[in-house]
Participant: 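Shown below is the structure under consideration.
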Amino acid sequence: MVRVPLSPQERQRGERFGALLRRARGERSMVEVAAAAGVSAETLRKIETGRAPTPAFFTVAALAHALDLSLDDLAAACAQDADLDGQAMSA
């Protein structure tokens, strides 16, 4: 299966999502949050740095739960980021 390359906007959205997770993590270590979410610290590192800009839904849900974030809030944060045409970006 060939994966379609991500657009610059999708990459930027992944970087913004990673920054949101870093802010939500606060003083907690990456290892602590990853363990609480049931993902590897490397997975969390890739998401936070934007190297994995499109994480799987269940990974996002597990991280949201570990960081006490609602999926509604995450979706709203993504919807606030519009592309250059003024259309809302999908999550």
Side-chain angles (χ1 to χ4, degrees):
M1 180 166 95
V2 176
R3 184 172 180 166
V4 177
L6 297 175
S7 70
Q9 292 85 5
E10 290 169 322
R11 289 192 180 282
Q12 290 170 355
R13 184 182 62 219
E15 290 169 1
R16 287 190 298 269
F17 179 67
L20 180 117
L21 292 181
R22 276 193 308 277
R23 285 192 305 274
R25 184 165 54 85
E27 297 296 319
R28 293 173 68 184
S29 76
M30 192 176 288
V31 172
E32 178 185 351
V33 171
V39 300
S40 71
E42 182 60 20
T43 295
L44 180 54
R45 183 180 346 277
K46 286 179 180 178
I47 294 169
E48 285 191 359
T49 61
R51 287 180 36 226
T54 58
F57 171 78
F58 290 106
T59 300
V60 173
L63 288 168
H65 180 72
L67 293 167
D68 199 28
L69 298 171
S70 78
L71 290 175
D72 288 336
D73 290 342
L74 290 176
C78 289
Q80 289 175 0
D81 298 321
D83 65 13
L84 297 176
D85 294 330
Q87 299 172 348
M89 291 184 171
S90 63

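This is a predicted model, so every value here is computed, not measured. The first residue of the sequence shown is numbered 1, and numbering continues consecutively from there.
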Participant: Quick one: pull up OG1 in T59 and NZ in K46 and give me the separation to the nearest 0.5 Å.
Facilitator: 12.0 Å

Participant: In terms of hydrophobic clustering (I, L, V, M, F, W, Y; side-chain heavy atoms under 4.5 Å; direct or indirect links), are V60 and F58 co-clustered?
Facilitator: yes

Participant: Please report the closest heavy-atom contact between L6 and E10, naming both atoms and the distance.
Facilitator: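 For L6 and E10, the tightest heavy-atom pair comes out as CA-OE1, 3.2 Å.
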
Participant: Looking only at non-hydrogen atoms, find the nearest pair between A41 and M30 and report the distance.
Facilitator: O-SD, 3.8 Å

Participant: How close do P53 and G50 get, counting heavy atoms only, and between which atoms?
Facilitator: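 For P53 versus G50, the nearest heavy atoms are CD-O, 3.5 Å.
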
Participant: What's the separation between atom CD1 in I47 and atom CZ in R22, rounded to the nearest 0.5 Å?
Facilitator: 11.5 Å

Participant: In Å and rounded to the nearest 0.5 Å, what is the CD to CZ distance from E42 to R45?
Facilitator: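 It comes to 5.0 Å.
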
Participant: For E48, run the salt bridge (charged side-chain N to carboxylate O under 4.0 Å, His left out) check against R23, R25, R16 and tell me which one passes.
Facilitator: R25

Participant: Let me check something: any side-chain donor-acceptor pairs from residues 61-75 under 3.5 Å, sequence neighbours excluded? List them with distances.
Facilitator:
from : atom 1 : to  : atom 2 : distance (Å)
S70  : OG     : D73 : N      : 2.9
S70  : OG     : D73 : OD1    : 3.4
S70  : OG     : D73 : OD2    : 3.1

Participant: So how far is it from L20 CG to E15 CD, rounded to the nearest 0.5 Å?
Facilitator: 14.0 Å

